[in-house]
Amino acid sequence: MRMLDGDEIAFTELVKRYQSTLVRVARYYVAGEASAEDVVQDTWIAVLRGLSKFEHRSSFKTWLLRILVNRAKTAGTRERRSIAIDLADPEAVASSRFDEHGAWSEPPVPFTDAIDESLANDKILRLVRQAINRLPDPHRAVVMLRDIEGLSTMEVAELLELSVANVRVILHRGRSRVRSDVEAGMSGGMP
Amino acid sequence: MRLRPSSLVCLQAVQLMSDYLENALSRGDRRRLERHLEQCTHCNLYLQQMRSTIAASGSVAPDDLAPEALDDLVEIYRAFREETRE
């Protein structure tokens, strides 16, 4: 790898690319942004030290995330923080939007009337990013790994030591909330 | 209107959308959802919005990094280089 040869720019690019994902996934295990950032810093040190042994049996991304999760777990145990995942949080769509028969009474509001599609897409992207950042830690970690980083559900489950079924439930909750935040943000009209 | 025992209402349909997109529904649920989608424009819009949301997530760029955070890591990198040069 280039960064072993002293390529500072290659290292900087990796940091820029992965830092926010790493911090968010660390937050799944440790409380507080500062602790998460410490875990990530340790992770980069471990990556530098371990790079010569990286065997390309997994992708670099998976290898990096495994190192992070191992460190975060150790730190998380130190903080004695149990990972409580609320699987009983609010439904995908507020039940008040359905009538007594379960049909939409307040149907989804179209994101855009597509007058300027690229402007609308920029706004959707911004809203999605904000919405993901606002999710509770487990939901954010799962949505980031699955939908932003493109890991498979199975990989997410292994990494976070969750069952595939729980990953799907959390993903469903997270995605539903992101959709509803985008709907709310878009229905306010274009900026 | 009398509902067939196996038919879905919108409230149930939205709960299945994410698993539908993950290809994780049982055949029965998948069939029930698709049957519902054939006749419900609102749920179709909902599904389409879930798709756009997921697609947009895939194009979210990493958050900008605070310059100090980057500086700290570059320091670590340089220290590592020094260490391994010996």
Side-chain angles (χ1 to χ4, degrees), chain A residues 3-4 6 8 11-12 15-21 23-24 37 40-41 44-45 48-49 52 91-93 95 97-99 101-104 107-111 121 124-125 127-129 131-133 143-144 146-148 150 153 164-165 168-169 171-176 178-179 181-183, chain B residues 1-3 7-25 36 39-85:
Chain A
M3 65 191 208
L4 264 190
E8 197 173 294
F11 178 71
T12 312
V15 170
K16 284 186 186 154
R17 162 72 182 78
Y18 287 112
Q19 184 78 4
S20 49
T21 299
V23 173
R24 256 83 210 213
E37 280 168 10
V40 174
Q41 203 169 85
W44 285 117
I45 295 170
L48 287 169
R49 292 191 198 288
S52 57
E91 56 278 286
V93 178
S95 50
R97 294 183 61 173
F98 300 93
D99 65 19
H101 306 294
W104 289 99
V109 183
F111 286 169
N121 285 340
I124 290 174
L125 219 55
L127 290 167
V128 164
R129 186 211 283 244
I132 292 174
N133 283 341
V143 171
M144 284 205 84
R146 176 77 185 100
D147 290 340
I148 298 190
T153 309
V164 168
R168 290 207 178 109
V169 172
L171 192 60
H172 161 68
R173 297 274 156 75
R175 284 171 169 175
S176 307
V178 173
R179 188 216 64 90
D181 280 11
V182 174
E183 180 189 43
Chain B
M1 184 182 83
R2 215 176 112 254
L3 291 174
S7 71
L8 291 177
V9 294
C10 307
L11 179 64
Q12 297 164 314
V14 297
Q15 296 293 342
L16 299 178
M17 298 288 188
S18 174
D19 280 356
Y20 179 63
L21 294 173
E22 290 290 293
N23 228 337
L25 288 183
H36 180 83
Q39 31 131 7
C40 180
T41 50
H42 297 326
C43 283
N44 264 297
L45 175 58
Y46 187 90
L47 177 64
Q48 187 201 316
Q49 291 184 340
M50 283 295 267
R51 281 205 175 102
S52 338
T53 302
I54 295 165
S57 306
S59 353
V60 166
D63 287 349
D64 290 334
L65 200 54
E68 315 85 66
L70 192 56
D71 287 349
D72 285 353
L73 287 161
V74 167
E75 281 310 308
I76 287 170
Y77 180 74
R78 288 181 186 158
F80 168 78
R81 289 296 307 160
E82 282 304 310
E83 197 184 297
T84 48
R85 197 164 285 145

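Bear in mind the structure is a predicted one, so any value in this text is a computation, not a measurement. Convention: sequence-line order gives letters A, B, ...; per-chain numbering from 1.
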Quick one: pull up [atom1] in [X] and [atom2] in [Y] and give me the separation to the nearest 0.5 Å.
X	Y	atom1	atom2	answer
A:H172	B:L16	NE2	CG	8.0 Å
B:E22	A:T153	CD	OG1	4.0 Å
B:D72	A:Q41	CG	CD	5.5 Å
A:I124	B:S59	CD1	OG	10.5 Å

Which atom of A:A103 lies closest to which atom of B:C10, heavy atoms considered: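 The answer is CA-SG, 3.8 Å.
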Closest contact, heavy atoms only, A:H101 versus B:V9: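 Closest heavy-atom pair between A:H101 and B:V9: O-CG1, 3.2 Å.
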Interface residue of largest heavy-atom contact number with chain A, from B:C40, B:S52, B:A69, B:C43, under 4.5 Å: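 Of the candidates given, the most pairs with chain A belong to B:C43.
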Does [X] reach the side chain of [Y], with side-chain heavy atoms less than 4.5 Å apart?
X	Y	result
B:L45	A:P110	yes
B:F80	A:I45	no
A:R175	B:I54	yes
B:S57	A:M144	no
B:V14	A:S176	no

side-chain contact (heavy atoms from CB on, under 4.5 Å) between A:R179 and B:M17, worked out: CA-CA 12 Å; A:R179 188 216 64 90; B:M17 298 288 188; over 6 Å; no
Residue part contacting chain B, namely of A:N133, when any heavy atom lies under 4.5 Å: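 The answer is the side chain of A:N133.
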Under 4.5 Å from a heavy atom of chain B, the part of A:I132 involved: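 For A:I132, side-chain heavy atoms alone lie under 4.5 Å from chain B.
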Test log, rule side-chain contact (heavy atoms from CB on, under 4.5 Å), inputs B:Q49 and A:V182: CA-CA 9 Å; B:Q49 291 184 340; A:V182 174; over 6 Å; no
Pairs of heavy atoms under 4.5 Å with chain B: top-ranked of A:R49, A:E37, A:K16, A:R17: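 The answer is A:R49.
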Per-residue contact mode, B:D63 against chain A (heavy atom under 4.5 angstrom):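 Interface part for B:D63: both.
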Region of B:L73 that comes under 4.5 Å of a non-hydrogen atom in chain A: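 The answer is both parts of B:L73.
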Audit row: A:V93, B:Y46, side-chain contact (heavy atoms from CB on, under 4.5 Å) steps and yes/no: CA-CA 10 Å; A:V93 178; B:Y46 187 90; 3.4 Å; yes
A:F98: partners by ring-ring contact (aromatic ring centres under 6.0 Å, His included), with sequence neighbours left out: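 Result, ring-ring contact (aromatic ring centres under 6.0 Å, His included) vs A:F98: A:W104.
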